[in-house]
Amino acid sequence: MMNCKTVLSVILIGLIFASCTSNIKPEKPNVIIVLADDAGYADFGFNGCKDLNTPNIDMLAKQGIVFSDAHVSSTVCCPSRAGLITGRYQQRYGNECNEGEGFFGLPKSELTLADRLKTVGYKTSAIGKWHLGHNEGYHPNDRGFDYFYGFLAGGRSYFPDKNNDRKGDTHAMLENHEHVLFEGYLTDVLGDKACNFIEENAEQPFFMYLAYNAVHTPMHATKKDLALFEGHPRQTLAAMTWALDRSVGSVVSKLKEKNLLDNTIIFFLSDNGGAHNNQSSNYPLNGFKGNEFEGGHRVPFFVYWKEKLSSGEFDGLTSSLDIGATVCALAGISDDADLPLDGVNLIPFLSNEKAGEPHDKLFWRKDKMAAARIGNHKLVRVEGLNSTVYNLEKDLSEKENLANRIPDLKNQLETELKNWEKDMIQPLWTEGHKWDTVTYMIHEDLMLNRKIRVKNPWQLKKYKSKLRDSK
């Protein structure tokens, strides 16, 4: 039989235990965004590819949720990354076009996802391609990232290069602010650096923005990887994609080794559609990187989170902007009244807590080219040309223009786009007259279902020369 002193001790211990357990909060998930560069919609096994090998990526996708109607907020690198890393339409703050005259980078008025996550104890890292500014104050370390390993420009050699690797060059590799050299093949090196970051931060929640430059040009691959695909019609892309998959696999292996994989949410996507110059395929979509057709902004996209999400497919209209909203919700971060997120928390939709689609509307704009998606209907608007309208449910390849047949629908879509633009500002820089002309001509050709005349400024120069010679 217990005496009074013993009873009091038991009660006290019970109260202390109850108090402690009531204060225990669910463990925050680690967050990794794996961003491929210029990868084609049809260039991964999980999205139907038959001729490129991506076993590690496909295994993650098989255990995760694959999106069939997912889009990035821009059709080119820099603004797409701005939208992704802020969770806000980049047109709100003028980061609308790729690097051009007057470019300075992601405006300092904006918060990055790293800024937000640091407020709740996350260790943050950016590894790979930055492309969001290279002047003082625009470096990743100045934008919320505790650790940076990568380069500031939009592309570079995959191998050590005497021109790219000059100190002070925006293509040179940096570790935080320090100029560094590397050995080997860059895709593998980025995977190694990601593994090192996981190893060093396994005891606390972390956020990793792993932005590969693969499979952006230049088309570089190791001799060993090229040999694996000898005779392949897309040999170099196959080798580069194989290396990308190997690097992602190394990151997954490190997460398993540290017993972190189950409570790490991994988003995988491309920054825009496949480019015209890297052997990529956007089948069955029309268009490619740089234009407002589906091939420019509908991307391969999946999310993996074994601890909370069952595997499957999701066909609701989804945006890369949703990554920021989802991650902030999981981390318990309230939205900023001055800088509200444009995305939607995906978890309730993916866990069947909420029916319907994350979005009923999405919008795109890059200078004089714009698009609007309302339900299954899509508008492509180009200054100086007649707008086109498509029913994506029946015509995913955007070949049948409904604008003249259903003028009321065209007017409705144009009104929706104009209403959205009221909250946006004009671009703070553009890509210049040559690229503007090329982009205009590509859109005109796609809208008229004819062969594309030019795809870059060099082809434009030849095209103009031929026209002069023919007169």
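All figures in this text were calculated on a predicted structure; none of them were measured in a lab.
- Interatomic distance, His443 NE2 to Arg381 CZ, rounded to the nearest 0.5 Å: 11.5 Å.
- Between the side chains of Thr75 and Glu292, no donor-acceptor pair is found at a separation under 3.5 Å.
- No hydrogens or angles considered: nothing links the side chains of Asp271 and His216 as a donor-acceptor pair under 3.5 Å.
- Ser68 contributes atom OG, which lies 9.5 Å from atom CG of Leu396 (distance to the nearest 0.5 angstrom).
- Heavy-atom contacts from other residues, nucleotides or ligands closer than 6.0 Å to CZ of Phe104 number more than 12.
- Proximity of the aromatic rings of Phe207 and Tyr122 is defined here by a centroid distance below 6.0 angstrom, and this criterion is not met.
- Legend: residues meeting side-chain contact (heavy atoms from CB on, under 4.5 Å) with His276, ordered by chain and number and at least two apart, are Phe288, Lys455, Asn456.
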Exercise for the section: Verify salt bridge (Lys or Arg N to Asp or Glu O under 4.0 Å) between Arg88 and Asp342, making sure each step is shown before the conclusion. Expected result: CA-CA 5 Å; Arg88 288 162 47 82; Asp342 285 312; 5.2 Å; no
Practice task
Evaluate the criterion salt bridge (Lys or Arg N to Asp or Glu O under 4.0 Å) for residue pair Asp142 and Lys108; output intermediate values, then yes/no.
Solution key: CA-CA 9 Å; Asp142 303 319; Lys108 295 178 183 180; over 6 Å; no
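- Between the side chain of Arg143 and the backbone N or O of Glu110, at least one donor-acceptor pair lies under 3.5 Å.
- Enclosure of atom NZ in Lys399 by more than 12 non-hydrogen atoms of other residues, nucleotides or ligands within 6.0 angstrom is indicated.
- Thr415 is listed as a side-chain neighbour of Asn419, based on a closest heavy-atom distance under 4.5 Å.
- No side-chain heavy atom of Asp115 sits under 4.5 Å from any side-chain heavy atom of Phe145.
- Summarising the geometry, atom CD1 belonging to Ile425 is positioned 10.0 Å from atom OH belonging to Tyr93; distances are rounded to the nearest 0.5 Å.
- Going from atom OG of Ser109 over to atom CZ of Arg92 covers 12.5 Å, rounded to the nearest 0.5 Å.
- Taking 4.5 Å as the limit, every side-chain heavy atom of Tyr440 sits out of range of all side-chain heavy atoms of Lys368.
- Applying the 6.0 Å contact sphere to CD of Glu313 captures no more than 12 heavy atoms from other residues, nucleotides or ligands.
- Thr439 has its side chain within reach of Met369: a pair of non-hydrogen atoms, C-beta onward, lies under 4.5 Å apart.
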Practice task
Quick one: do Glu393 and Asn376 satisfy side-chain hydrogen bond (donor to acceptor under 3.5 Å, both in side chains)? Show the steps, please.
Solution key: CA-CA 6 Å; Glu393 186 177 26; Asn376 288 318; 3.3 Å; yes
Exercise for the section: Please step through side-chain hydrogen bond (donor to acceptor under 3.5 Å, both in side chains) for the pair Asp245 and Asn53, ending with a clear verdict. Expected result: CA-CA 8 Å; Asp245 183 79; Asn53 296 335; over 6 Å; no
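- Panel note: side chain Glu96, backbone Asp367; a donor-acceptor pair is recorded below 3.5 Å.
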Exercise for the section: Start with the C-alpha distance between Asp146 and Thr124, add both sets of side-chain angles, then the distance that settles side-chain hydrogen bond (donor to acceptor under 3.5 Å, both in side chains), and finish with yes or no. Expected result: CA-CA 5 Å; Asp146 298 310; Thr124 59; 3.2 Å; yes
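- Residues Ser247 and Tyr212 bring a donor and an acceptor atom of their side chains to less than 3.5 Å of each other.
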Exercise for the section: Apply the test side-chain hydrogen bond (donor to acceptor under 3.5 Å, both in side chains) to residues Asn213 and Asp37: give CA-CA distance (whole Å), side-chain angles for both, the deciding distance (0.1 Å), then the verdict. Expected result: CA-CA 5 Å; Asn213 55 317; Asp37 197 350; over 6 Å; no
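- Here Phe267 and Phe302 keep their ring centres 6.0 angstrom or further from each other.
- Around the CG atom of Asp262, the shell of radius 6.0 Å holds more than 12 heavy atoms that belong to other residues, nucleotides or ligands.
- For Tyr390 and His377, the distance between ring centers is not under 6.0 angstrom.
- Comment: Lys418 does not engage Glu414 in a salt bridge, judged by the lack of any side-chain N to carboxylate O separation of less than 4.0 angstrom.
- For the ring pair (Phe, Tyr, Trp, His ring centres under 6.0 Å) criterion with Phe268, the lone passing option out of Phe44, Phe67, Trp305 is Phe44.
- Comment: Asp360 does not engage Arg373 in a salt bridge, judged by the lack of any side-chain N to carboxylate O separation of less than 4.0 angstrom.
- Shown here is Gln204, whose CD atom has more than 12 heavy atoms of other residues, nucleotides or ligands within 6.0 Å.
- Contact check on Arg405 versus Glu400 returns a salt bridge, with a Lys/Arg side-chain nitrogen under 4.0 Å from an Asp/Glu carboxylate oxygen.
- Between Cys195 atom SG and Met208 atom CE the span is 7.5 Å, to the nearest 0.5 Å.
- In this structure the side chain of Arg81 reaches within 4.5 angstrom of the side chain of Tyr209, judged on heavy atoms.
- Of the possible polar contacts, none joining the Ser80 side chain to the Cys77 backbone as a donor-acceptor pair under 3.5 Å is found.
- Among Ile85, Val31, Leu269, Leu346, the one residue that satisfies the side chain to side chain contact (heavy atoms under 4.5 Å, CB included) test with Ile323 is Leu269.
- Between the side chains of Thr54 and Asp58, at least one donor N or O sits under 3.5 Å from an acceptor N or O.
- For the 3.5 Å distance criterion, the side chains of Gln90 and Asn95 fail to qualify, holding no donor opposite an acceptor.
- Within a 6.0 Å sphere centred on CE of Met424, heavy atoms belonging to other residues, nucleotides or ligands number more than 12.
- Residues Leu321 and Leu84 form no side-chain contact, since every pair of their non-hydrogen atoms from C-beta on lies 4.5 Å or further apart.
- Looking only at distances, a side-chain donor or acceptor of Asn47 sits under 3.5 Å from a matching main-chain atom of Tyr41.
- Asn263 and Asn30 share no donor-acceptor pair across their side chains, judged by distance under 3.5 Å alone.
- Classification of the His232-Phe229 ring pair by plane angle, with boundaries at 30° and 60°, yields perpendicular.
- Using bins of under 30°, 30° to 60° and over 60° for the plane-to-plane angle, the ring pair Phe363/Trp420 lands in the parallel bin.
- Going from atom NZ of Lys306 over to atom OG of Ser311 covers 10.5 Å, rounded to the nearest 0.5 Å.
- Within the 6.0 Å centre-distance limit, the rings of His139 and His177 are counted as a close aromatic pair.
- For Trp130 and Tyr138, the ring centers sit 6.0 Å or farther from each other.
- Put simply, the side chain of Asp38 never gets that close to the backbone of Gly274: no donor and acceptor are under 3.5 Å apart.
- Between Leu52 and Ser281 the shortest side-chain heavy-atom distance does not fall below 4.5 Å.
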Exercise for the section: Quick one: do Lys193 and Asp188 satisfy salt bridge (Lys or Arg N to Asp or Glu O under 4.0 Å)? Show the steps, please. Expected result: CA-CA 9 Å; Lys193 293 297 180 180; Asp188 291 322; over 6 Å; no
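- For the residue pair Asn141/Asn176, the side-chain donor-acceptor check at 3.5 Å is satisfied.
- Ring planes of Trp429 and Phe103: perpendicular class, angle over 60° (limits at 30 and 60°).
- Atom CD of Glu383 is surrounded by 12 or fewer heavy atoms from other residues, nucleotides or ligands within 6.0 Å.
- Within the 4.5 Å cutoff, side-chain heavy atoms of Tyr149 are placed close to those of Leu190.
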